[in-house]
There are 2 protein chains.
Amino acid sequence: MSEKRPTIYDVASAAGVSKSLVSLVLQDSPKVSAVKRASVERAIAELGYRPSRAAATLAASRSRTIGVLVDDFTNLWFVELLKGLRSAVEPRGYRVLVGDVASGGPDAQATLENFLSLEVDALVIAAEVLPAAASGWGIPVVVAGNRTVDLPHAVVVAGDDGRGAELAAEHLIGLGHRRLGHVTGPGEAARLRADSFARTVAGHPGAVLTVRAGAGTLEADGYDAGTRLLRDAPDITAILAANDTMALGVAAALREAGRAVPEDVSLVGFDDSPLAKSHLLDLTSVDYRGVVVGGEVGAVLLQWLGGGNPAAPPQVAPRLMRRGSTQPPRGAAAQG
Amino acid sequence: MSEKRPTIYDVASAAGVSKSLVSLVLQDSPKVSAVKRASVERAIAELGYRPSRAAATLAASRSRTIGVLVDDFTNLWFVELLKGLRSAVEPRGYRVLVGDVASGGPDAQATLENFLSLEVDALVIAAEVLPAAASGWGIPVVVAGNRTVDLPHAVVVAGDDGRGAELAAEHLIGLGHRRLGHVTGPGEAARLRADSFARTVAGHPGAVLTVRAGAGTLEADGYDAGTRLLRDAPDITAILAANDTMALGVAAALREAGRAVPEDVSLVGFDDSPLAKSHLLDLTSVDYRGVVVGGEVGAVLLQWLGGGNPAAPPQVAPRLMRRGSTQPPRGAAAQG
DNA sequence: GGTCGCAATTGGAGCGCTCCATTCAAGTGT
DNA sequence: ACACTTGAATGGAGCGCTCCAATTGCGACC
């Protein structure tokens, strides 16, 4: 299909230097004279040389690659995480690879093995479920987000889920809502959100909360839990969903129950995903600030990979993004 | 961080065989006796040995890895593509890596380079935009979906976009709709869908079509084009959107215009994504059958990588998934 | 002018595998 | 009993790099 790729030796002879010098140029070492560097770079361009990562990885026993494990590609918050992570590590010569633990079905393990056999230098876990094989992978591991997984030597970098739920509660109570609902699901982040939401609501005399949990954290789970919530507490005027996807389900449950958003019931999501920003939902949502979290993950990793001691940065402060799905309850002035 | 990973030599001596035999077991060659195979496998398990892909790739000058390039992780149809692709190639020992050409911003090129330097054995292009550097990569390339990119030696594997739009048109016309709208966007697939939709509608005397295009194919583009469509052709009773995401935008435009779905206007999407299946939209959508397309992509690739001649399979036949967003227009019986 | 120091450059020894040619063991046929 | 075939197992040569120790060139310093 093609006439053998050029190697470092071809570049070296074309530039009239040794292969070692070419290698130094590739790693842009400071100890190469400008003139030789230029001629090597010219040779690289002329030959269309592309370094072999397999050879580099083998020789250096280091791949300069970071693997990111996500649960499920449909759970979009990883997109922002990735953006932040990449912009932090790519300038330093690291590449990022993503893989999902879900879509492959039973082979969650396979994705992990895939990364490990690719000899990634570090792993970012942005997934709730993790394959059986506990750690002991011999590489830095950062857990992104608050999760149930408990990896011995991993550093956790996350947004402040509790604070996010608190912001949502304060917003709703500030608007005048007193009969609140919460739709939650499995997972550590959901638990933190639910606990904090409950605590904050409890701190306001006269405010009551009803919580219903879905079996998962998808749209259908939000719909299901939302339906139950509305049946069991028909008088609520505001709902916080554990994430935007579940909020979509809750919105459907509300429509079926004949309750308008935001006139009858205010709805708040979590993650500030593209869905929240859609014109149809126009959903007030807690921005988890995935890009910032991703940047922090990158910073921790660079520090760690550079031989430093990894330290978990402070939790990233979330922000409330107010949109059209929340407003004061009917007769708020009277209740106020 | 860890005491040196075991190599093939360690396994060999633990199992009392030669490194070559271990290598044969790893590639599960048929020419290994059952008894030796068992003892090698035992040694592998005991040592926790994990083969180095870098070394294997270097030695074999073949990585047994397929790279998939997607536009944007938020465009979910790739998830199904991936599922089909993986189930086709993983049993044959290939691994799949995904990368996006968009989120990195300017460095669309970077993702491509990343894959090429990883020495992937083949590339699947599931993206509309492609980095400048045209082909000449020396590896099999399959384009998934109908796209504008024109790669010299690439094989195209796609669903039948034209037939999909035809199904949608027939469905709507069959329900009695005569004043139709279409919201489209850039890209080859959208063009094929729009052309076919227009052709099919034109084939029905008395049916008229208004088309508006968005600047892109996202929710906001659907909202924008949908708003213009409703302003310019206020009497339409049915709309086909070029994809589900745009349909979400169109749904918002409809709500703002005070038109109910499906009572006033029927809405059809394209892709049958999770969004279409959500309870809120409950969107009738053309199922592009991404899993099947992915499987075909895998089959073509296996054939190609096995030394055979690549042949584009017939276009995958789409299916119309009828849901709650379409119904006969008001007074259909009279019009019928 | 000799020697030291430093920066720039180089050759060589692997990294952990695969693949090929070869050897070895055990039948087959005559 | 002998060469001959076949299947199983092995050693060696590399794949294309990185890294280290060694070498070279050259101005500075006494």
Side-chain angles (χ1 to χ4, degrees), chain A residues 2-41 43-44 47-65 93 95 116-121 138, chain B residues 2-41 43-44 47-65 93 95 116-121 138:
Chain A
S2 72
E3 58 300 326
K4 220 140 92 46
R5 285 171 47 170
T7 74
I8 205 175
Y9 283 93
D10 300 317
V11 174
S13 67
V17 299
S18 73
K19 61 158 193 12
S20 302
L21 211 251
V22 176
S23 174
L24 289 176
V25 171
L26 288 178
Q27 310 169 51
D28 55 28
S29 150
K31 41 165 80 171
V32 175
S33 67
V35 55
K36 298 248 174 180
R37 175 185 305 275
S39 74
V40 168
E41 277 165 355
I44 287 178
L47 294 174
Y49 167 78
R50 199 190 317 280
S52 157
R53 222 117 74 86
T57 299
L58 181 59
S61 43
R62 170 173 46 58
S63 63
R64 293 201 155 273
T65 299
R95 292 150 209 106
L116 292 177
S117 77
L118 275 170
E119 285 148 292
V120 294
D121 291 347
Chain B
S2 73
E3 57 299 327
K4 220 140 93 42
R5 285 171 46 170
T7 74
I8 205 175
Y9 283 93
D10 300 317
V11 174
S13 67
V17 300
S18 72
K19 59 157 193 13
S20 302
L21 209 251
V22 176
S23 175
L24 290 176
V25 171
L26 289 178
Q27 309 170 49
D28 53 28
S29 150
K31 39 165 81 173
V32 176
S33 65
V35 54
K36 297 248 174 180
R37 176 184 304 275
S39 75
V40 168
E41 277 165 356
I44 287 178
L47 295 174
Y49 166 78
R50 199 188 318 280
S52 157
R53 269 221 335 247
T57 299
L58 181 58
S61 42
R62 170 171 48 59
S63 64
R64 293 201 155 273
T65 299
R95 291 148 209 108
L116 292 177
S117 77
L118 275 170
E119 286 149 289
V120 294
D121 291 346

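Numbers restart at 1 for each chain; the letters A, B, ... are given by sequence-line order, proteins then strands.
A 4.5 Å side-chain heavy-atom check between B/Q27 and B/R64 finds every atom pair outside the cut-off. Side chains of B/T57 and B/T65 form no contact here, defined as non-hydrogen atoms less than 4.5 Å apart. Looking at B/V40 and B/L21, their side chains come closer than 4.5 Å, going by heavy atoms from C-beta outward.
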inquiry  = Is there a side-chain hydrogen bond (donor to acceptor under 3.5 Å, both in side chains) between A/R95 and A/S63? Walk through the geometry before answering.
reply    = CA-CA 9 Å; A/R95 292 150 209 106; A/S63 63; over 6 Å; no

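Remark: C1' of C/dC20 and CG of B/L21 are 16 Å apart, rounded to the nearest angstrom.
A/I8 and A/K19 make their closest contact through CD1-O, 3.6 Å (heavy atoms, listed as atom of the first residue, atom of the second, distance).
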Letter by letter from the 5' end, nucleotides 14-27 of chain D scores (B base, S sugar-phosphate only, - none; protein heavy atoms under 4.0 Å) BBBBBB--------

